[in-house]
Amino acid sequence: QVQLVESGGGLVQAGGSLRLSCAASGSIFSINAMSWYRQAPGNERELVASIIRGGSTNYADSVKGRFTISRDNAKNTVYLQMTSLKPEDTAVYYCNALIESSRWSPIYNYWGQGTQVTVSS
């Protein structure tokens, strides 16, 4: 009933920038926190950044000062602006959202399909 669709990944040289987008669609009453996670080969999935509906943000130490998370509540979309990219940022990036489908439904945790970000040295 709810889908998260990511876009914006790709190949970029070290020092470059990319902007990821994630749009939520379907049966949506309210979206609470929206987040970006990433998973590199052989590593566990890790939180990159999150933003709550009111706009407060949280970042992993490894991306502070380089990545910026934002959201457009009217479009049910979250963005991740990534600058000064490093080879260690290479990973599959996943969108995550905590969504209520109706006023009376519980909050469910949804994931996107992932988008590959590759940073060459």
Side-chain angles (χ1 to χ4, degrees):
Q1 288 187 329
V2 173
Q3 280 190 318
L4 300 181
V5 178
E6 298 122 333
S7 60
L11 173 65
V12 64
Q13 288 189 332
S17 300
L18 281 175
R19 188 191 194 210
L20 305 182
S21 299
C22 171
S25 63
S27 180
I28 297 172
F29 171 73
S30 177
I31 302 179
N32 298 312
M34 302 186 81
S35 305
W36 288 96
Y37 287 73
R38 67 186 181 187
Q39 187 167 19
N43 290 354
E44 294 185 353
R45 192 171 296 189
E46 62 174 359
L47 176 67
V48 175
S50 61
I51 182 169
I52 64 173
R53 187 170 182 84
S56 295
T57 58
N58 180 55
Y59 295 93
D61 288 343
S62 59
V63 307
K64 283 181 180 177
R66 300 188 298 121
F67 290 11
T68 302
I69 189 170
S70 61
R71 64 189 283 177
D72 185 333
N73 292 328
K75 295 182 179 180
N76 292 333
T77 299
V78 63
Y79 306 95
L80 186 68
Q81 179 67 49
M82 304 184 292
T83 63
S84 301
L85 282 160
K86 305 174 181 180
E88 50 264 44
D89 294 318
T90 296
V92 178
Y93 284 70
Y94 296 92
C95 176
N96 174 271
L98 301 177
I99 297 174
E100 296 172 83
S101 293
S102 71
R103 183 184 299 274
W104 304 277
S105 71
I107 298 173
Y108 288 105
N109 190 26
Y110 293 92
W111 292 93
Q113 79 285 357
T115 184
Q116 177 69 45
V117 171
T118 303
V119 184
S120 63
S121 57

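Counting from 1, the numbers follow the sequence of the chain as shown.
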Would you call the rings of Phe67 and Tyr93 parallel, tilted or perpendicular, where under 30° means parallel and over 60° means perpendicular? tilted

If you define the side chain from C-beta out and look only at heavy atoms, does anything of [X] sit under 4.5 Å from [Y]?
X: Arg53; Y: Asn73; result: yes
X: Ser35; Y: Leu47; result: yes
X: Val2; Y: Tyr108; result: no

Assess whether salt bridge (charged side-chain N to carboxylate O under 4.0 Å, His left out) is satisfied between Asp89 and Lys86, documenting all intermediate values. CA-CA 5 Å; Asp89 294 318; Lys86 305 174 181 180; over 6 Å; no

Going by side-chain contact (heavy atoms from CB on, under 4.5 Å), Thr90 matches just one of Val117, Leu11, Thr118, Val12. Which one? Thr118

Tell me whether Ile51 is reachable from Met82 by hopping between hydrophobic residues (I, L, V, M, F, W, Y) whose side-chain heavy atoms are closer than 4.5 Å. yes

Tell me whether Tyr37 is reachable from Val119 by hopping between hydrophobic residues (I, L, V, M, F, W, Y) whose side-chain heavy atoms are closer than 4.5 Å. no

Test log, rule side-chain contact (heavy atoms from CB on, under 4.5 Å), inputs Cys95 and Val78: CA-CA 8 Å; Cys95 176; Val78 63; 3.8 Å; yes

Closest contact, heavy atoms only, [X] versus [Y]:
X: Ile31; Y: Met34; value: CG2-CG, 3.5 Å
X: Tyr59; Y: Ala49; value: CD2-CB, 3.6 Å
X: Ser27; Y: Ser101; value: O-OG, 3.1 Å

Applying side-chain contact (heavy atoms from CB on, under 4.5 Å), run through Ser21 and Tyr79 and close with a yes or a no. CA-CA 5 Å; Ser21 299; Tyr79 306 95; 3.3 Å; yes

Verify, without hydrogens or angle tests, whether Thr83 (side chain) and Arg66 (backbone) share a donor-acceptor contact under 3.5 angstrom. yes

As a quick check of understanding, evaluate side-chain contact (heavy atoms from CB on, under 4.5 Å) for Val63 and Arg38, giving each step before the final call. CA-CA 12 Å; Val63 307; Arg38 67 186 181 187; 4.0 Å; yes

